[in-house]
Amino acid sequence: MKKILITGGAGFIGSHVVRLFVEKYPSYHIFNLDALTYAGNLENLKDIEDKPNYSFVKGDITDKGFINELFNTHKFEGIIHLAAESHVDRSITDPLAFVKTNIIGTVNLLNAAKETWKNDFDNKLFYHVSTDEVYGTLGQTGLFTETTAYDPNSPYSASKASSDHFVRAYGETYGLPYVISNCSNNYGQNQFPEKLIPLFINNIINNKPLPVYGDGNYTRDWLYVKDHALAIDLVFHKGETEETYNIGGFNEWKNIDLVKLLCAQMDKKLGRPNGASEKLITYVKDRPGHDLRYAIDASKINKELGWKPSVTFEQGLEITIDWYLNNENWLNHITSGEYKSYYQKQYS
Ligand code: NAD
Ligand code: DAU
């Protein structure tokens with residue numbers, strides 16, 4: 001069996017990637033390595049945890065000794081690296097945590113792969129999952145392409161940009177076979193309710209204020225998480241090594257317009273009068289260094305690998321809302337403990 005390591009598989013996107021690979025590729029053994037930080041949750045993978053081609057390993061990618069031993073034991077042939085600190089607001093209050101996991105953790109994995117594979121790179125691949133935020137911000141027009149210069153603005157995006165550079169440097173310097181993808185904002189089932197869409201769904205359910213940063217005229221390009229997982233599958237199997245692929249939803253929304261759409265859909269689902277949830281919108285202090293607009297030109301992955309999103313935003317949003325409404329236990333577990341103190345600090 002081909003041994004594949006997926007890091008961060010207990011998180012939001014990682015859990016969808018793990019499930020897809022475990023179910024689609026019975027000839028692979030999928031090892032899910034995750035430190036189970038506040039963002040990692042094994043409840044995300046309950047339905048596949050007993051599959052014979054799946055193993056969970058609890059561990060921290062910043063622990064060099066542990067990572068080297070893990071690679072030595074299993075001699076993984078492929079790595080799909082998603083483990084990261086992923087929330088911009090948290091990176092503003094604690095940048096060092098992002099340096100540790102996103103940069104040092106990535107370099108630990110690169111070193112372990114290099115040492116394990118020595119110079120035998122046949123059928124080996126280090127796939128680094130990254131973000132469009134490395135490109136910085138757009139004005140009112142234009143799109144990020146694979147050749148847009150890196151220009152990160154937040155500690156989060158600076159740490160992701162740095163990790164991308166290390167991956168490329170290992171390719172150039174040691175010949176390590178790699179591929180990188182840079183994706184836009186994901187939404188869908190199992191997203192931790194610190195990010196805009198699940199945070200606002202949870203607040204609407206609980207009749208709490210919806211804290212819109214600044215004037216709400218910031219733009220993001222939204223992609224349904226399962227479409228990202230399908231793109232990752234394609235890039236892993238068919239992408240060219242030493243290449244970068246941008247992944248996006250062809251789906252730009254100003255935050256305030258998205259929030260109003262979400263409010264309208266939630267009113268219908270909850271049987272509330274039209275306009276009830278919109279009344280919860282509260283404009284709050286802006287995020288420092290807030291990027292104005294992200295928008296991805298995903299024509300390369302579309303033309304070369306035949307990928308495109310499978311659902312419209314309205315469909316994806318409805319699936320997402322239904323999932324949160326039907327998985328109250330998941331939401332209640334995840335919003336207890338650490339979440340309460342985070343929320344208090346961020347929004348008080
Ligand atoms: P997430 O925060 O939901 O999950 C991150 C996972 O990594 C968690 O399970 C956590 O426990 C694990 N982790 C964190 N630190 C770790 C460490 N030191 N060792 C081992 N595991 C650790 O993140 P996500 O939104 O699923 O993002 C996954 C990846 O995709 C990240 O690399 C992120 O930069 C990238 N990305 C995210 C988006 C998005 O919209 N969410 C878009 C583009 C790219
Ligand atoms: O673009 C890809 C990136 O998308 C990923 O790399 C990150 O991991 C992911 O967190 C996401 O970053 P954003 O900062 O764009 O996502 P977030 O959900 O935090 O915010 C989306 C927009 O909504 C952004 O303009 C800030 C705004 N916002 C967010 C929150 C949490 C608010 O107005 N209020 C809020 O409470």
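Both counts, for ligands and for their atoms, begin at 1 and track the order of listing. Position 1 is the first residue of the sequence, and the numbers go up from there.
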task: Apply the test side-chain hydrogen bond (donor to acceptor under 3.5 Å, both in side chains) to residues N44 and W330: give CA-CA distance (whole Å), side-chain angles for both, the deciding distance (0.1 Å), then the verdict.
output: CA-CA 9 Å; N44 294 349; W330 184 93; 2.7 Å; yes
Please confirm whether [X] comes within less than 3.5 Å of ligand 1 when only nitrogen or oxygen atoms on both sides are compared.
X	answer
D60	yes
T62	no
L33	no

Taking [atom] as the point of reference, which of [options] owns the nearest heavy atom?
atom	options	answer
atom 37 (C) of ligand 1	I232, I13, T131	I13
atom 13 (P) of ligand 2	K195, H87, H290, E133	E133
atom 34 (N) of ligand 2	G11, A84, P211	P211

In terms of residue, atom name and distance, what is the protein heavy atom nearest to [atom]?
atom	answer
atom 20 (O) of ligand 2	R287 NH2, 3.9 Å
atom 1 (O) of ligand 2	D132 OD1, 2.5 Å
atom 5 (C) of ligand 2	Y156 OH, 3.6 Å
atom 29 (C) of ligand 2	Y213 CE1, 3.6 Å
atom 9 (C) of ligand 2	S86 O, 3.9 Å
atom 27 (C) of ligand 2	N255 ND2, 3.5 Å
atom 16 (O) of ligand 2	N185 ND2, 3.4 Å

Is [X] close enough and on-axis enough to [Y], meaning under 6.0 Å and within 45°, for cation-pi?
X	Y	value
K114	Y174	yes
K208	Y343	yes
R287	Y213	no

Contact check: Y347 vs ligand 2, nitrogen or oxygen atoms, below 3.5 angstrom: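 Among all N and O atoms of Y347, at least one is under 3.5 Å from an N or O of ligand 2.
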query: Got an N/O contact under 3.5 Å between L196 and ligand 2?
result: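 Indeed, backbone or side chain, L196 has an N or O that close.
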query: Of H29, H74, E49, which meets side chain to side chain donor-acceptor pair (under 3.5 Å) against S55?
result: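 Considering H29, H74, E49, a side chain to side chain donor-acceptor pair (under 3.5 Å) with S55 is found only for H29.
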- request: Would you mind telling me which of N255, D286, D291 makes a side chain to side chain donor-acceptor pair (under 3.5 Å) with Y218?
  value: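 Looking at N255, D286, D291, the match for Y218 under the side chain to side chain donor-acceptor pair (under 3.5 Å) is D286.
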query: Can you tell me how far CD1 of I61 sits from NZ of K100, rounded to the nearest 0.5 angstrom?
result: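 Reported to 0.5 Å precision, the distance equals 13.0 Å.
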- prompt: Salt bridge or not for K269 and E318, using N-O below 4.0 Å?
  reply: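 A salt bridge is present here (some side-chain N lies under 4.0 Å from a carboxylate O).
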message: Does this structure show an ion pair linking R90 with E194, if we count only N-O contacts that are shorter than 4.0 Å?
response: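 A salt bridge is present here (some side-chain N lies under 4.0 Å from a carboxylate O).
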Applying a heavy-atom cut-off of 4.0 Å, say which part of [X] lies close to ligand 1: side chain, backbone, both or neither.
X	answer
Y38	neither
T101	side chain
N41	neither

field: L199 contact mode with ligand 2 (heavy-atom cut-off under 4.0 Å)
entry: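 Within the 4.0 Å criterion, L199 contacts ligand 2 through side-chain atoms alone.
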- prompt: Using a heavy-atom cut-off of under 4.0 Å, does the side chain or the backbone of S184 touch ligand 2, or both, or neither?
  reply: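 It is the backbone that touches ligand 2; the side chain stays farther off.
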query: In terms of ring plane angle, is the pair F313 and W253 parallel, tilted or perpendicular, where the classes change at 30° and 60°?
result: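 Ring orientation of F313 relative to W253: tilted.
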task: For K160 and ligand 2, answer yes if some heavy atom of the residue is under 4.0 Å from a ligand atom, otherwise no.
output: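 Contact check K160 vs ligand 2: negative.
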- prompt: Sub-3.5 Å donor-acceptor pair from the side chain of H87 to the main-chain atoms of Y156, do we have one?
  reply: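 No; zero donor-acceptor contacts below 3.5 Å.
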query: V129 heavy atoms, cut-off 4.0 Å: which ligand 1 atoms fall inside?
result: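 Those qualifying, in numeric order: 30 (O), 32 (O).
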field: Pair N182-D164, side-chain hydrogen bond (donor to acceptor under 3.5 Å, both in side chains): steps then yes or no
entry: CA-CA 9 Å; N182 296 84; D164 292 11; 3.2 Å; yes
